[in-house]
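In what follows, a single structure is set out as structure tokens and then discussed.
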Amino acid sequence: MAKKDIDWSNLGFAYMPTEARYVSNYKNGAWDDGEITGDSNVVINECACVLQYAQTCFEGLKAYTTEDGHIVTFRPDLNAERMVNSAIRLEMPVFPQERFMDALEKVVKANADYVPPYGSGATLYIRPFMFGSNAVIGVKPADEYQFRMFVTPVGPYFKGGAKPISVRISDLDRAAPHGTGHIKAGLNYAMSLYNIVDAHKAGFDENIYLDPQTRTKIEETGGANILFVTKDEELIVPKSDSILPSITRRSLVEVAETYLGLKVTEREVTLAEVEDFAECGLCGTAAVISPVGKINDHGREICFPSGMEEMGPVTKKLYDTLTGIQMGRLEAPKGWIHVIE
Ligand code: PLP
Ligand code: COI
């Protein structure tokens, strides 16, 4: 298939409709067979549970063109598994993991000409999601659902790509203890919209959320987990029950230990100790690893020694190793790379 005529190297993180997406509907207690469709519009009742009570969850993963020309995805089984956990917490029917993998195969193959070429700096972002589609007015789960998976070619999530970003400590909360922070529910993002607009107005790229109970511990940002590197090159990963179990973060922990021989500690991280760290980064499918140059805590600037021009040295090693695995330049741990074609 001929690649689409797209200026791959100048893509931002934006939605571009393609000709094919996967759809399956749930009715009378069962998912239908599912199909690829050209229709990017969803028509649902005004009282659909998703519209009234935000009964929706989603995932995000990417397809890459490897150095030797294959199209691959990265640990999609973990996205399928996390979506099961999200569905259960939101009282939605589970979309079976093998069906998720089948949908992924079909949708990426149908959009092979949208998978950015190797070396272009762009990737194909894949967005699986599901929602309660029939009318409910009392607060209860829907009986009917739709699962969809669409794709869109994307560039870097943060403007400037690998340039360090500037983030602020948020006064608003993201996820309550025992709430929904650990699943990928649309509602977690709805509540962050006011805050991200406000952060951008104030000149920051993202918000760092603290634990709502004590407001002393680092949780995560609106769309990525956080990593720190100590002055003696130890990777520190904040631990909390109310942050999303990022697949990128879990992979980086393994990469740091097994590929780079770094010590890794997952533990609670207090805001008070952040000024002692040497490097900071945001990690996620969209963010990959975005270096953080400074954190603004209510006017107090915490500037990392790596500065605002370049990634810190350990962050760079993590970035190069992870993307090397994803793009087929480095051998991947068993099961991490799922070849589509
Ligand atoms: N945290 C939040 C709130 C996110 O939205 C994401 C994105 O998916 C992540 C973390 C990173 O997760 P992953 O690495 O699985 O994409
Ligand atoms: C992702 O990294 O896939 C995300 O979902 C983050 C953001 C685009 C919401």
Side-chain angles (χ1 to χ4, degrees), residues 11-16 56-64 73-86 89 100 104 122-130 148-159 165 167 170 172-176 179-193 195-197 199-200 205-212 218-227 237-256 266 280-290 292 318-319 322-323 325-326 336 338:
L11 285 174
F13 197 87
Y15 172 68
M16 173 192 293
T56 179
C57 62
F58 69 100
E59 273 302 322
L61 66 161
K62 283 175 170 172
Y64 311 84
T73 56
F74 182 71
R75 310 189 78 181
D77 49 316
L78 297 186
N79 295 96
E81 183 184 73
R82 193 169 61 188
M83 200 165 188
V84 167
N85 296 332
S86 297
R89 179 64 176 81
F100 183 104
L104 177 69
T123 50
L124 189 75
Y125 187 70
I126 304 162
R127 173 52 64 87
F129 66 111
M130 55 191 272
R148 277 192 166 234
M149 203 185 273
F150 67 78
V151 303
T152 183
V154 295
Y157 189 65
F158 292 106
K159 270 201 265 24
I165 56 172
V167 300
S170 168
L172 301 179
D173 296 327
R174 174 177 183 275
T180 55
H182 62 299
I183 59 160
K184 217 161 159 56
L187 61 92
N188 293 340
Y189 300 82
M191 54 62 57
S192 75
L193 298 176
N195 210 20
I196 192 70
V197 170
H200 288 162
D205 297 288
E206 253 289 11
N207 291 296
I208 291 188
Y209 291 97
L210 300 177
D211 74 297
I218 301 286
E219 294 256 295
E220 61 174 327
T221 66
N225 280 182
I226 306 180
L227 307 168
V237 184
K239 193 173 172 163
S240 158
D241 290 340
S242 49
I243 65 177
L244 193 76
S246 158
I247 294 161
T248 314
R249 184 248 301 163
R250 286 182 271 162
S251 304
L252 285 169
V253 163
E254 271 192 68
V255 161
E266 294 187 57
C280 175
L282 308 187
C283 72
T285 299
V288 192
I289 308 180
S290 300
V292 173
L318 287 167
Y319 178 91
L322 178 72
T323 53
I325 291 169
Q326 290 167 334
W336 280 24
H338 179 79

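The first residue in the sequence is number 1, and the count goes up from there. Atoms within a ligand are numbered from 1 in the order they appear, just like the ligands themselves.
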Under 4.0 Å from a heavy atom of [X]: give me the atoms of ligand 2 that qualify, with their elements.
X	answer
Y125	1 (C), 3 (O), 4 (C), 5 (O)
Y189	9 (C)
T285	2 (O), 3 (O)
F58	5 (O)
G223	6 (C)

In this structure, CD1 of I196 is separated from OG of S170 (nearest 0.5 Å) by 9.5 Å
Residues at least two apart in sequence or cross-chain that pass salt bridge (Lys or Arg N to Asp or Glu O under 4.0 Å) with E59, listed by chain then number, are R82
Just need the protein heavy atom nearest to [atom], so name the residue and atom and give the distance.
atom	result
atom 8 (C) of ligand 2	Y157 CE1, 3.8 Å
atom 2 (O) of ligand 2	A286 N, 2.8 Å
atom 5 (O) of ligand 2	K184 NZ, 2.7 Å

Side-chain heavy-atom pair Y157, S290 within 4.5 angstrom cut-off: no
* Would the number of heavy atoms belonging to other residues, nucleotides or ligands and lying under 6.0 Å from OH of Y319 be above 12? -> no
Logged contact type for K62 with ligand 2, heavy-atom cut-off 4.0 Å, is neither
At a 4.0 angstrom heavy-atom cut-off, ligand 1 is contacted by R82, R174, K184, Y189, E220, T221, G222, G223, A224, N225, L244, S246, I247, T248, C283, G284, T285
Is a side-chain N or O of [X] found less than 3.5 angstrom from the main chain of [Y], in a donor-acceptor match?
X	Y	value
S86	K184	yes
S192	R174	no
N188	I183	yes
D241	H182	no
E219	S240	no
D173	Y209	no

